Amino acid sequence: MSQPTQDIFELVLARPVMTESWSSGEHPALVHLWWRTANQGDRLVQIYVDDQWFDVTATPTQHETWLLLDRTQPHRIELLAVSADDFDTAFPALLTSWNPRVTSAIDRQIVRHESLPLNTMAHVELNHASDALTPLWPGHVNRSGFGALFGDGGFGTDAATGPGLGRGQLGFGPLGTDGTALHYHRDHLAAGTHTLAFNAIDPLGRSVTSATTTETIDTDALPSPPAQLSFNSDFTIQWENPNA
């Protein structure tokens, strides 16, 4: 099975879509993405936007797609060729188009620890201001069962006491690999240092853990896009670099 790679991409173009429906002539969100590859074989192409897995091609012969993006904000678009077996697995750590890497977003996974009460709320503060408050176990998220109530309400998925054996290979939560973490993501942050704090609280706002987890994250400013884009007589693209 081939390893994920970016080496096969020879040319990638992201172009705004021109339309008569908008006064500026350019669609405010629609982008046409096209690429040229060498030795792609039967690999598919994953599209990442700002380090987030955005889409994947349906066939190895697909070399273009459409993206809906907020064009008022700068974005990083990267491609990764993967085997058909890995089409639904994200590999953001393998993206190397930007060297050194540019960090413009915060992306964290929060473990839903089974020792916490079922009604626990996850509270996130960004730069000392409340940014997110959500149940640690909303109604659609499984929690380990097969505990003191022996799976009451459904074998291993009742979430009553945990931890225990749920569905899949040894179940949800700490005994298995199919549990889901709580995902926190914020992008388009200003360049600089940001403080992120996580705390587990009850519905009355009282902490249910001994300490708040705090970390600092440095984010970078994205470079400006090329300016004065044009084609010369042999159809070579040339532009000015505003960051030079």
Side-chain angles (χ1 to χ4, degrees), residues 28-29 47-55 67-78 89-93 95 98 100-145 147 153 157-163 166 171-224:
I47 297 96
Y48 291 80
V49 177
D50 301 331
D51 292 331
Q52 298 292 299
W53 181 30
F54 191 90
D55 200 1
L67 307 178
L68 281 174
L69 303 174
D70 179 4
R71 293 188 54 218
T72 65
Q73 299 287 344
H75 297 283
R76 288 168 291 138
I77 300 174
E78 298 180 77
T89 302
F91 300 97
L95 301 176
W98 294 68
R101 295 295 298 166
V102 172
T103 300
S104 59
I106 295 176
D107 191 82
R108 293 294 184 270
Q109 303 290 331
I110 306 171
V111 175
R112 307 178 198 267
H113 202 284
E114 302 292 332
S115 66
L116 297 175
L118 185 60
N119 62 354
T120 298
M121 306 289 291
H123 184 217
V124 184
E125 290 186 354
L126 180 61
N127 297 327
H128 309 291
S130 181
D131 189 62
L133 180 64
T134 183
L136 199 59
W137 283 280
H140 66 283
V141 174
N142 289 276
R143 178 178 161 104
S144 295
T157 61
D158 63 286
T161 56
F172 294 94
L175 291 180
T177 59
D178 51 353
T180 56
L182 183 64
H183 187 199
Y184 173 83
H185 180 83
R186 285 292 179 270
D187 51 16
H188 306 310
L189 295 170
T193 299
H194 303 272
T195 301
L196 191 66
F198 297 95
N199 193 19
I201 61 176
D202 65 17
L204 297 179
R206 299 170 300 194
S207 178
V208 297
T209 58
S210 58
T212 299
T213 300
T214 305
E215 64 174 313
T216 56
I217 300 103
D218 293 324
T219 57
D220 308 304
L222 292 179
S224 302

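Treat the numbers as computed from the prediction; the structure is a model and nothing was measured.
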K.L.:
Consider side chain to side chain contact (heavy atoms under 4.5 Å, CB included). Of L133, L204, L136, which one does M121 pass it with?
P.N.:
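One option only clears the test, and that one is L133.
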K.L.:
Between W53 and T89, does the side-chain contact (heavy atoms from CB on, under 4.5 Å) criterion hold? Intermediate values first, please.
P.N.:
CA-CA 9 Å; W53 181 30; T89 302; over 6 Å; no
K.L.:
Quickly, which of T213, T209, V124 forms a side chain to side chain contact (heavy atoms under 4.5 Å, CB included) with N199? Name it, please.
P.N.:
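Going through T213, T209, V124 one by one, the side chain to side chain contact (heavy atoms under 4.5 Å, CB included) with N199 is satisfied by T209 alone.
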K.L.:
Starting at CG of L182, measure out to OG1 of T134 and round the result to the nearest 0.5 Å.
P.N.:
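If we round to the nearest 0.5 Å, L182:CG and T134:OG1 are 6.0 Å apart.
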K.L.:
Return the minimal non-hydrogen interatomic distance between A221 and A191, and the atom names on each side.
P.N.:
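Nearest heavy atoms, A221 then A191: N-CB, 3.5 Å.
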K.L.:
At their closest point, which heavy atom of A105 faces which heavy atom of H185, and how far apart are they?
P.N.:
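What the structure gives for the nearest pair is CB-CE1, 3.9 Å.
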K.L.:
Please report the closest heavy-atom contact between L189 and R186, naming both atoms and the distance.
P.N.:
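Distance-wise, the nearest heavy atoms are CD1-O, 4.0 Å.
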K.L.:
Decide whether T216 and H194 meet the rule of one side-chain donor and one side-chain acceptor closer than 3.5 Å.
P.N.:
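On atom types as modelled, these side chains do not qualify, holding no pair under 3.5 Å.
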K.L.:
Taking atom types as modelled and ignoring hydrogens, do the side chains of D107 and H183 form a donor-acceptor contact shorter than 3.5 angstrom?
P.N.:
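Indeed, the side chains of D107 and H183 share at least one donor-acceptor pair under 3.5 Å.
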K.L.:
Is the closest side-chain heavy-atom distance between L126 and T195 below 4.5 Å?
P.N.:
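Not in contact.
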K.L.:
Could you check whether any side-chain heavy atom of W137 comes within less than 4.5 Å of a side-chain heavy atom of N119, counting everything from C-beta outward?
P.N.:
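With C-beta onward as the side chain, the pair stays apart.
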K.L.:
Working to the nearest 0.5 Å, report the span between CG of L67 and CD1 of I47.
P.N.:
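The CD1 atom of I47 is 7.0 Å from CG of L67, to the nearest 0.5 Å.
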K.L.:
Less than 4.5 Å apart, side chain to side chain, heavy atoms only: is that true for D131 and Y184?
P.N.:
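With C-beta onward as the side chain, the pair touches.
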K.L.:
In the structure I gave you, are the side-chain heavy atoms of R206 and I201 within less than 4.5 Å of one another anywhere?
P.N.:
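When only atoms from C-beta onward are counted, I201 and R206 do not touch, as no gap falls below 4.5 Å.
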K.L.:
Please name the residue in the list D220, D50, D51 that meets the salt bridge (Lys or Arg N to Asp or Glu O under 4.0 Å) test with R101.
P.N.:
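The salt bridge (Lys or Arg N to Asp or Glu O under 4.0 Å) with R101 is passed solely by D51 among D220, D50, D51.
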K.L.:
Would you call D70 and H75 a side-chain contact if the rule is heavy atoms closer than 4.5 Å?
P.N.:
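Heavy-atom side-chain distance check passes, below 4.5 Å.
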K.L.:
Got Y48 and D55 here, is their nearest side-chain heavy-atom distance under 4.5 Å?
P.N.:
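Y48 does not reach D55 side chain to side chain.
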K.L.:
Set out, in order, the CA-CA distance, both residues' side-chain angles and the distance that settles side-chain contact (heavy atoms from CB on, under 4.5 Å) for R108 and F198, then state yes or no.
P.N.:
CA-CA 10 Å; R108 293 294 184 270; F198 297 95; 4.0 Å; yes
K.L.:
Between atom NE2 of H188 and atom OG1 of T219, what is the distance when rounded to the nearest 0.5 Å?
P.N.:
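One gets 12.5 Å once the value is rounded to the nearest 0.5 Å.
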K.L.:
Run the numbers on E78 and V49 for side-chain contact (heavy atoms from CB on, under 4.5 Å), then give the verdict.
P.N.:
CA-CA 7 Å; E78 298 180 77; V49 177; over 6 Å; no
K.L.:
Decide side-chain hydrogen bond (donor to acceptor under 3.5 Å, both in side chains) for S130 and H123; before the verdict, give the C-alpha distance in whole Å, the side-chain angles of both, and the deciding distance to 0.1 Å.
P.N.:
CA-CA 8 Å; S130 181; H123 184 217; 3.0 Å; yes
K.L.:
How far apart are the C-alpha atoms of D202 and T120, what are their side-chain angles, what is the distance that settles it, and do they pass the side-chain contact (heavy atoms from CB on, under 4.5 Å) test?
P.N.:
CA-CA 5 Å; D202 65 17; T120 298; over 6 Å; no
K.L.:
How far apart are the C-alpha atoms of T193 and D218, what are their side-chain angles, what is the distance that settles it, and do they pass the side-chain hydrogen bond (donor to acceptor under 3.5 Å, both in side chains) test?
P.N.:
CA-CA 4 Å; T193 299; D218 293 324; 2.6 Å; yes
